[in-house]
Undergrad: 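Got a structure here, written out as C-alpha cells. Questions coming.
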Amino acid sequence: MEINVQKVIIAGEEKEIARGTSCGDAFKAALSGKRFKSVLAARCGDALLDLSASIPLGCDELVPVDAESSEGLGLLRHSAAHIMAAAVRRLFPDVLVTIGPAIENGFYYDFDYKRAFTPDDFAAIEAEMNKIMTENIPFARRELGKKEAIELFRGMGEHYKVELVEAVADSHVSIYSLGGFIDLCRGPHIASSGQLKAFKLLSVAGAYWRGDENNQMLSRIYATAFGSEAELKAYLNRLEEAKKRDHRKLGKELSLFDFHEDVAPGMVFWHPKGMMLRTILEDFLKREHFKRGYQFVQGPQILRQEVWMKSGHYDNYRENMYFTEIEKETHAVKPMNCVGHMLIYGSTLHSYRELPVRMAELGVVHRHEMSGALHGLMRVRQFTQDDAHIICAPEQLENEILDIIKLISDLFGLFGFEYTLSVSTRPAKSIGSDEAWELATNALIEAMKRIGAPLKINEGDGAFYGPKIDCLVTDSIGRKWQCSTVQVDFTLPERFDLVYVGSDGERHRPVMVHRAILGSLERFIGILIEHTAGKFPTWLAPVQAKILNVTDAQAGFTEEAAKLLTGAGIRVETDLRNEKLGYKVRQAQMEKVPYILVVGDKEVEAKGVNVRLNNGDNIGLKTLEEFIELIKTDCDEPFKRGGMSYSFS
RNA sequence: GCCCACAUAGCUCAGUAGGUAGAGCGCAUCCUUGGUAAGGAUGAGGUCAGCAGUUCAAUUCUGCUUGUGGGCUCCA
C-alpha cells in the first residue's frame, strides 16, 4: 500500500482513497448522484464530520449521514438554526446572537434585540431564509485559538459569544461562517444552505440567557425543519391531531371539570363525570395500597406556622405557601402532607417489629405556583397527591424503594403509559449533612441498579430535604410531566425526633421515604385524558353505557332496563328525548360512552338491548343478563396481567 | 415572577377603519314518533374580562389590573 493512500469502507464498499480527500469527494465518487445529494455529513465511528472535512487518518469506515437518521435530522436542524440566525442578522443588523441548538422536534435560536420578535416577523424571516437557501452558501469551518476567537467576537460586539468562548475548556474553538454570518459552533453542519429543504417558524418565547432568571431575557424563536416538505407537513398535521386530544379541550367537551379563573385560578372544579372517574381511580388506588401493607391516615389541612418552621418548610418553601391568620396566630395551609404524618408517627412509641410503617393519604395540598406556570390539570395550585410516608430502619430502605418502583411499574403498565425514571441529587438550597445525603443518594442508585432501570442522573435537582427518583410521563404533544416521586429524607425524622425501639432496647432514628405514585391525581387524569383521547377503559368510564329508545313507546322498558343495570353496578345513562335515533347515537358517540344500547320494539319484546360499541361496531341484540356479563368481562380485561384486580361492586 | 400573543352569548368563533353586536352548536317551546353520527319551526341568552384615560361618543384607540394560551424559570 502506498503511503499516500488509505483503505476506507465508503458506504459499505471498500475503496482506496488518496490521503487528504474530503468526505464529500469520497461519497461523490462512491454514490449515485441522487443518493449523494441527500448526504448531509459523514460519520466515522462515533465522530460526525462535515462533508468538506478530510477523511481522518485511521478512519476505516465512512458512513453517509442523511436526514433519515436522527443524527442527520438533528444536524440539519442545527444548520437550519444557523440559517435562521443569518436571516435575522440580515434583517435586523444590530441583533446579538446567543445560542441555537436542535431540540427534540425542531430547533430554536435565542436573540438579544431591542424589542422582542413576534409572529408578525415570521414571514420576513422565512422569506430571507428561503433566499439564503437559494443562494446555496457553503458552511465553512475554521479553527481558532481561544484568544483569537474572543477578539473576533469582541470586535463584532457579540458579548454572549465571548462569554461562551471563555467557558470552553479546550485551547481552540471552531467557528462556522455562512457567507458573512460567523458563529461559534462545534459543528458539524450540512455542506451548504441549499441542502435545507423544509422548515417552518413556529412560535416566539422569552428565555433567560443560560436559563437563569437573574439574567437578561432573550427573544427565542422556535422552528422546525425536516428532510422534505412532505415530512414537515406530516409533522404539522400530527401536531394538529394532538391538539384535539388536549385534556383542557376534552375536559370541557366531556364535562369532566372546569376552571373558574376569576375566583380560583389554578384550582379545579370537578363536574359529576370527572368526579366519578376520580372516585373510581381513588377506590382502586386505596385497594392496591391496602394490599401492599399501607395504612391510610389523614392530617389537618391547616397547621400553625411554628410546625412549618420546625419542619424546614417555612425556610425553604415559604414563597409557595398560603398563610392565614386565625385569632392572631399565623397558620399555613399544608403544601405537603409529611408534617401530619410525622406527628401521627411521633404520637406513640414504635418497636422495630412494627417497621416499616407505611402511612398513606390522598392528601390535598396547596402550593402557590407562579401564575405563568399554570397549565390545565397538569400544573395547578390545589391538588391531591397519592402520597405516602414510609418510616423504616436504614437497612430496610433499599427494599422499600424497590417495592415502590415495582408499584410504579405495575400502575403505569396498567394504563400503558411510557415513562422514564431518573435520580435527582442534592440541590444548592438544601438542609441535612453531607453524610446523610450521600447515604440516601446511594440507596436510590442501588435500588435503580437492582431493578435494572437505565440510570439517569439529574444533578442538583433533588428536593431541599433529600435526593429523589422521579418518573416523567409524556403528554399528547410530547411535553414531559413529573408524576411519581420517591424521596429519601433523613432530616424530618431528626427534626421531629422520630424514634423506634430496636431489639437492643435502645431508641434509634428511623429513615423516611416520601413517595407518590401517580403524583397528583389532577395531573395524572390530565395525562390519562390525553393518552386515551377521552375514550377511557370501561372500568374507568364515568358513563359505561347509554340507553336510547327509538320512540316514546319504549320509554318504559328503557327506564326499567337502566334501573336493572344500575342495580348490577353498571354506570348507565338514558336518553329518552324526542329525537331521531341517529341524532341520539351521534351524541352518545361524541360523549365517548363505551356501550350504546338501543331499545326499540324488538328489544322490548326480547327483554334486551341492541349493543353498539364505541368503535361503531354493532354486536346485535343481547339480553340484559348477557350484557352485564359482557361489560364485567370488559372491565376485568386490563387487570389480567400483573397482580392487580378490579372488583366489580 | 419574566417574554410574546390573546380575552365578544353556556361552547366554538365572526364583526365594528370609534356611532352599545352576529353565526353555528347548545338551551327552551311547539310540530314531528323517526332503527344506529345532525328532521323542522319559533324563542330566550351578551355592561363585548375589570378599572382608568383620550373622545361629542369606546366593545373598537391608550394605559393599568386580572385571567388564559405558548415559552423561560419553577414543579406533583
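Values reported hereafter were calculated over all heavy atoms of this structure, with side chains retained and with hydrogens, waters and symmetry mates removed. Protein chains get the first letters and strands the later ones, always in sequence-line order, with residue 1 at the start of each.
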Undergrad: Report the base-pairing partner of G46(B) (Watson-Crick or G-U wobble, both distances below 3.5 angstrom), or none.
TA: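 The answer is none; no pair meets the criterion.
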Undergrad: Would you mind building the protein contact string for nucleotides 59-70 of chain B? One character per nucleotide, 5' to 3', B for base within reach (heavy atoms under 4.0 Å), S for sugar-phosphate only, - for untouched.
TA: --------SSSB
Undergrad: Looking across every strand, which nucleic acid part, if any, lies under 4.0 Å from Gly600(A) by heavy atom: base, sugar-phosphate, or nothing?
TA: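 Counting heavy atoms under 4.0 Å across all strands, the contact made by Gly600(A) includes a base.
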Undergrad: Within this structure, what is the CG-to-P distance between Leu281(A) and A76(B), rounded to whole angstrom?
TA: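 Spelled out: CG on Leu281(A) to P on A76(B) is 20 Å.
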Undergrad: Touch check for Asp601(A), heavy atoms < 4.0 angstrom, all strands: base, sugar-phosphate only, or nothing?
TA: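 Base, at least one base heavy atom under 4.0 Å.
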Undergrad: Is there a side-chain polar atom (N or O) of Gln589(A) under 4.0 Å from OP1 or OP2 of A37(B)?
TA: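 Result: no.
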Undergrad: Show the nearest heavy-atom pair for residues Val95(A) and Glu158(A), with the distance to one decimal.
TA: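 Answer, listing the atom of Val95(A) first, then Glu158(A): O-OE2, 4.2 Å.
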Undergrad: Should U16(B) form a Watson-Crick or G-U wobble pair with both distances under 3.5 Å, which nucleotide is its partner?
TA: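 Pairing partner: none.
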Undergrad: If I pick the C1' atom on G19(B) and the same atom on A57(B), what distance separates them, to the nearest angstrom?
TA: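 The same atom, C1', in both gives a distance of 7 Å.
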Undergrad: Of the nucleotides A76(B), C3(B), C72(B), which one has an atom closest to the side chain of Ser520(A)?
TA: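 The closest nucleotide is A76(B).
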Undergrad: Can you check the distance between C27(B) and A44(B), where both ends of the measurement are the C1' atom (answer in whole Å)?
TA: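 Their C1' atoms lie roughly 9 Å apart.
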Undergrad: Can you measure Glu319(A) atom CD to G1(B) atom C1' for me and round it to whole angstrom units?
TA: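 Between C1' of G1(B) and CD of Glu319(A): 11 Å.
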Undergrad: So Leu565(A) and Leu597(A), do their side chains get closer than 4.5 Å, heavy atoms only?
TA: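 Yes, side chains in contact.
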Undergrad: Check for me whether the distance between the ring centres of Tyr322(A) and His368(A) falls short of 6.0 Å.
TA: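 Between Tyr322(A) and His368(A), the centre distance is under 6.0 Å.
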Undergrad: Can you check the distance between A14(B) and G71(B), where both ends of the measurement are the C1' atom (answer in whole Å)?
TA: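 The same atom, C1', in both gives a distance of 29 Å.
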Undergrad: Select one nucleotide: of C4(B), A76(B), U33(B), the one nearest the side-chain heavy atoms of Asp552(A).
TA: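 Ranking C4(B), A76(B), U33(B) by closest atom to the Asp552(A) side chain puts U33(B) first.
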Undergrad: Atom CZ of Arg367(A) to atom C1' of U73(B): distance rounded to whole Å?
TA: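 Distance check: Arg367(A) CZ to U73(B) C1' gives 17 Å.
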Undergrad: Using heavy atoms to find the nearest nucleotide of RNA chain B for Gly616(A) and His368(A) separately, return the residue whose nucleotide is more 5′.
TA: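 Final value for this comparison: His368(A).
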Undergrad: Which sits closer to the 5' end of RNA chain B, Phe383(A) or Arg210(A), going by the nucleotide each is nearest to?
TA: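 On the 5' side of the pair lies Arg210(A).
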Undergrad: If I take atom CG in residue Asp386(A) and atom P in nucleotide A76(B), what distance separates them, rounded to the nearest angstrom?
TA: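 That distance rounds to 13 Å.
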Undergrad: OP1 or OP2 of A37(B) versus the side-chain N and O atoms of Arg612(A): is any pair under 4.0 Å?
TA: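 Yes, because at least one side-chain N or O of Arg612(A) sits under 4.0 Å from OP1 or OP2 of A37(B).
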Undergrad: Going from CG on Leu281(A) to CG on Leu521(A), what distance comes out if it is rounded to the nearest 0.5 angstrom?
TA: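 Here the rounded value is 6.0 Å.
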Undergrad: With a 3.5 Å limit on both atom pairs, tell me what C30(B) is paired to, counting Watson-Crick and G-U wobble, or say none.
TA: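 G40(B) - that is the nucleotide pairing with C30(B), both distances being under 3.5 Å.
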Undergrad: Would you call Glu126(A) and Phe199(A) a side-chain contact if the rule is heavy atoms closer than 4.5 Å?
TA: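 Contact flag for Glu126(A)/Phe199(A) side chains = yes.
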Undergrad: Can you classify the ring geometry of Phe111(A) versus Tyr109(A) as parallel (below 30°), tilted (30 to 60°) or perpendicular (above 60°)?
TA: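 Ring orientation, 0 to 90° scale: parallel.
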Undergrad: Under a 3.5 Å distance rule, please check whether Lys592(A) uses its side chain to pair with a backbone N or O of Asn614(A) as donor and acceptor.
TA: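 Pair absent, no side-chain N/O of Lys592(A) close to backbone of Asn614(A).
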Undergrad: Indicate, yes or no, whether a donor-acceptor pair under 3.5 Å links the base of C74(B) to the side chain of Arg379(A).
TA: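 Indeed there is one.
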Undergrad: Gln487(A) CD to A76(B) P: how many Å, rounded?
TA: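 Taking CD of Gln487(A) and P of A76(B), I get 6 Å after rounding.
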Undergrad: Any cation-pi pair here, Arg220(A) with Tyr108(A), using under 6.0 Å and within 45°?
TA: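 Judged by the rule, Arg220(A) and Tyr108(A) form a cation-pi pair.
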Undergrad: Quick one: is C25(B) close enough that its OP1 or OP2 comes under 4.0 Å of any side-chain N or O from Tyr583(A)?
TA: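 No.
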Undergrad: Classify Asn610(A) by what it touches in the nucleic acid, base, sugar-phosphate, or nothing, heavy-atom distance under 4.0 Å.
TA: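 Contact class for Asn610(A): base.
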Undergrad: Report which part of the nucleic acid Gly211(A) touches: base, sugar-phosphate, or nothing (heavy-atom distance under 4.0 Å, all strands).
TA: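 Here Gly211(A) touches the backbone only, sparing every base.
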Undergrad: Hey, is the side chain of Tyr208(A) pairing donor to acceptor with the base of G71(B) inside 3.5 Å?
TA: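 A donor-acceptor contact between them is absent.
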Undergrad: Pick the C1' atom in U42(B) and in U36(B), then give their distance to the nearest Å.
TA: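 After rounding to an integer number of Å, I get 29 Å for this pair.
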Undergrad: Which label fits G63(B), syn or anti, where anti is any glycosidic angle not within 90° of 0?
TA: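 Nucleotide G63(B) adopts anti.
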Undergrad: Does atom CD of Glu319(A) have more than 12 heavy-atom neighbours, drawn from other residues, nucleotides or ligands, at distances under 6.0 Å?
TA: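 Yes, the 6.0 Å shell around CD holds more than 12 heavy atoms from other groups.
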Undergrad: I need the Ser484(A) OG to Asp386(A) CG distance, nearest 0.5 Å.
TA: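 Separation between the atoms: 8.0 Å.
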Undergrad: Among U36(B), A76(B), G34(B), which nucleotide has an atom closest to any side-chain atom of Val550(A)?
TA: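 Nearest listed nucleotide: G34(B).
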Undergrad: Could you state the CD-P distance from Glu603(A) to U36(B), rounded to the nearest angstrom?
TA: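 Between P of U36(B) and CD of Glu603(A): 12 Å.
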Undergrad: Rounding to the closest angstrom, what is the interatomic distance between G46(B) and C64(B) at atom P?
TA: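 One P to the other, the span is 32 Å.
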Undergrad: Can you confirm if the aromatic rings of His375(A) and Trp481(A) lie within a centre distance of less than 6.0 Å?
TA: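 When the ring centroids of Trp481(A) and His375(A) are compared, they turn out to be within the sub-6.0 Å range.
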Undergrad: Given the P atoms of A49(B) and C11(B), what is the spacing between them in whole Å?
TA: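 Pairwise P distance, A49(B) against C11(B), rounds to 13 Å.
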Undergrad: What's the closest nucleotide to the Ala373(A) side chain, out of A37(B), G35(B), C74(B)?
TA: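 Among the listed nucleotides, the one closest to the side chain of Ala373(A) is C74(B).
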Undergrad: Base, sugar-phosphate, or nothing for Glu369(A), non-hydrogen atoms under 4.0 angstrom?
TA: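 Base contact.
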Undergrad: Within the structure shown, what part of the strands sits under 4.0 Å from Arg220(A) by heavy-atom distance: base, sugar-phosphate, or nothing?
TA: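 Sugar-phosphate contact only - Arg220(A) comes under 4.0 Å of backbone atoms but never of a base.
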Undergrad: If G69(B) has a Watson-Crick or G-U wobble mate with both distances under 3.5 Å, name it; if not, just say none.
TA: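 Checking every strand shown, G69(B) finds its partner in C4(B), with both distances under 3.5 Å.
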Undergrad: Using whole Å, what does the distance between atom C1' of nucleotide G39(B) and atom NZ of Lys580(A) come to?
TA: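 For the pair Lys580(A) NZ and G39(B) C1', the rounded distance is 4 Å.
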Undergrad: Counting the atoms with a prime plus P, OP1 and OP2 as sugar-phosphate, which does Lys468(A) contact under 4.0 Å by heavy atoms, base, sugar-phosphate, or nothing?
TA: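 Counting heavy atoms under 4.0 Å across all strands, the contact made by Lys468(A) is with sugar-phosphate only.
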Undergrad: Counting any heavy atom closer than 4.0 Å, what does Ala516(A) reach on the DNA or RNA strands: base, sugar-phosphate only, or nothing?
TA: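 Since no nucleic acid heavy atom lies under 4.0 Å of Ala516(A), the category is nothing.
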Undergrad: Between C1' on G34(B) and NZ on Lys584(A), what's the gap in Å once rounded to a whole number?
TA: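 After rounding, the reported distance stands at 10 Å.
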Undergrad: What do you reckon, is NZ of Lys200(A) surrounded by more than 12 foreign heavy atoms closer than 6.0 Å?
TA: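 Incorrect, the count does not exceed 12.
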Undergrad: Within the structure shown, what part of the strands sits under 4.0 Å from Lys252(A) by heavy-atom distance: base, sugar-phosphate, or nothing?
TA: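 Sugar-phosphate contact only - Lys252(A) comes under 4.0 Å of backbone atoms but never of a base.
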Undergrad: Using the C1' atom in both, what is the distance from C51(B) to A7(B), to the nearest Å?
TA: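 Their C1' atoms lie roughly 15 Å apart.
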Undergrad: NA contact type, Val380(A), heavy-atom cut-off 4.0 Å: base, sugar-phosphate, or nothing?
TA: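 If one applies the 4.0 Å heavy-atom cut-off, Val380(A) turns out to touch a base.
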Undergrad: In whole Å, measure the gap between the C1' atoms of U12(B) and G26(B) for me.
TA: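 Between the two C1' atoms, the distance is 11 Å.
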Undergrad: Arg577(A) near the nucleic acid: base, sugar-phosphate alone, or nothing, with a heavy-atom cut-off under 4.0 Å?
TA: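 Sugar-phosphate, no base atom in range.
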Undergrad: Paired with C25(B): which nucleotide, if any, by Watson-Crick or G-U wobble criteria at under 3.5 Å for both distances?
TA: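 Answer to the pairing question: G10(B), which forms a Watson-Crick or G-U pair with C25(B).
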